[in-house]
Participant: 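Got a structure for you, questions after.
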Amino acid sequence: MDANPRLTRHKKPTFAELFTPKLVTVLREGYGGAQFKADAIAGLTVAIVALPLSMAIAIASGVSPDKGLFTAIIGGFIVSALGGSRFQIGGPAGAFIVLVAATVAREGVDGLILATMMSGVILLAIGYLRLGTYIKFIPYPVTVGFTAGIAVIIFASQLSEMFGLTLTGKEPRPLVPKLMALAKAADTVNVSTVAVTVLTIGTILAFKRWRPGWPGMLIAVGAAALVVTLLSLPVETIGTRFGGIPRSLPWPAMPAFSLDKAISVLPDAVAFALLGAIESLLSAVVADGMTGRRHRSNCELVAQGFANIGSALFGGICVTGTIARTATNVRAGAHGPVAGMLHAIFLLAFMLIAAPLASYIPLAALAGVLAVVAWNMIERHAFAALIRSSWGDALVLMVTFLLVVFRDLTEGIVVGFALGSILFIDRMAKSIAVETDQPLVQEDVADASNGSRHAYEAGDAGDTDTVIYRISGAFFFGAASTVGAVLDRIADQRKSFILDCSGVPFLDSTAANVIEGAARKARQAGVRFFITGASPQTRRMLITHGVKRPHVSYAASVKDAQELLRTETAG
């Protein structure tokens, strides 16, 4: 038997264990009335948030609002039923608006549905081949940069709806020509539309500030519809443009297929799959950070694959994990995947019962909802921290951001990842130290010659209230997910946690973000967190990303941290 149970290695999980949905895990743990009640409340809360968002995202993507609802209902149910994340909420996402709108403009709605189904097949392959782990290697500045870029594009795409502009021709997709076309149509501004937009945004922000637990988006859209109807304002609505939404789901049907069409939409399908994988795993990581649980990446991607295939069969658009709705699910007290499944069922009930009322919803109100979503997508604190952290991270961030805004989303991710890799290689080369006059094989030395040596104390190893982790080597985006999994165990019946970074020659922004999340969870669990031996450069990077008091304390060495803990305990 191993003398130290903490060093016991776990057996390698089987294929079935890796791809068992979290729903099965939750049911095996024991599921009763109290858990169902918590999931029902959370599911209803998320459905209320998802209702206006799903329609707004669909309209902004160039399709009818009912397709957004079909996506949330079918895709959301499958993601929760089969996924590897306990709290993930699936549905249409703002991040896809740019790609979906471009595909619709080029290939039509039939091409979009075919590309969605093909992306599902690609996601299944990524998941079953266990390639989801490698998606975690995307550097943090790239994810922040492309998310902010998408937010800018979404906001710009809603300007014509927010101001009620009438364009002489088709609205251009590139940002600069778009803004020029909108400026030429400035004299067609509809004052009533602007008023509805301001009312919607103001209501959402007011509820967020003073009644954050209330469904501000749904209330804002409902209030806007009521004002437009009662005052007979000349504002375009879902009814005037789309004729309303159906009161039932369509029968499943295979999309129109031909080899030429499949080849034509293949690049779109690949882009949908890659962005969906990135967005879903980011959302799952956010849920992990909020709850302390761990998702299974490849199982989650398999669920996303089936969800996209299912969405396409019912005429829906791309499905992915949605960060805002997943966070809402956690905050609402969800116990497990049943909450996400109920969210889909509640959305179906809303569509069956209240479909006629959707005709009165002003498009300006939905544009206002997306404007708020775009603003919330920009991780402003992370953006500012990366700009300040180092010239390399700032370069990767800005190049990714600018390419996404002015060129292409895929191009931004690829170039950003390539720059991040080059930056990593450069930093690794600079971190290597070569000592002179050292033999190829080191000779034995006397204990007394080791100046840093101190007497062994059995109490250090037997202290059950304190755990010490040491990181050796470069801590960068490629190792962040592995180290993060270890750091997640810090609150496991411990009062104090010491993270020794004396052997870390380099730490990047992704690693700093992982430690910041661990420090935050430690503080929530009442665990005292020390970082020892950090070099000035490492410490500067950590502090820039919020790893500072009161979340952590710094000490020169593990010994110093232990002495401080003993002093505090004795006091």
Participant: Would R86 and E300 count as a salt bridge (Lys or Arg N to Asp or Glu O under 4.0 Å) here? Give the steps.
Facilitator: CA-CA 10 Å; R86 193 179 182 112; E300 182 62 27; over 6 Å; no
Participant: Rounded to the nearest 0.5 Å, what separates atom OG1 in T143 from atom CG in N513?
Facilitator: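 Nearest 0.5 Å value for the OG1-CG distance: 8.0 Å.
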Participant: Return yes when atom CZ of R407 has more than 12 non-hydrogen atoms of other residues, nucleotides or ligands closer than 6.0 Å, and no otherwise.
Facilitator: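 Count not over threshold, so no.
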Participant: Taking T103 for its side chain and L99 for its backbone only, find out whether a donor-acceptor pair lies under 3.5 Å.
Facilitator: yes
Participant: Quick one about S258 and D260 (side-chain donor to acceptor, distance below 3.5 Å, no hydrogens or angles considered), yes or no?
Facilitator: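 S258 and D260 do not have a side-chain donor-acceptor pair below 3.5 Å.
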Participant: Does the side chain of L249 reach to within under 4.5 Å of the side chain of I74, using non-hydrogen atoms?
Facilitator: yes
Participant: Do we see a donor-acceptor contact under 3.5 Å between the side chains of S280 and Q88?
Facilitator: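 No - no donor-acceptor pair under 3.5 Å links their side chains.
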Participant: Within this structure, what is the CD-CD1 distance for the pair Q304 and I126, rounded to the nearest 0.5 Å?
Facilitator: 11.0 Å
Participant: Hey, what do you get for CZ (F350) to CG (L69), rounding to the nearest 0.5 Å?
Facilitator: 11.0 Å
Participant: Does the distance from a Lys or Arg side-chain N to an Asp or Glu carboxylate O, for D268 and R106, drop under 4.0 Å?
Facilitator: yes
Participant: For T203 and L199, indicate whether the former's side chain and the latter's backbone hold a donor-acceptor pair under 3.5 Å.
Facilitator: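 Yes: the side chain of T203 pairs with the backbone of L199.
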Participant: When you measure from the side chain of D39 to the backbone N and O of P337, does any donor-acceptor pair fall under 3.5 Å?
Facilitator: no
Participant: What's the spacing between L182 CG and L167 CG if we round to 0.5 Å?
Facilitator: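 One gets 6.0 Å once the value is rounded to the nearest 0.5 Å.
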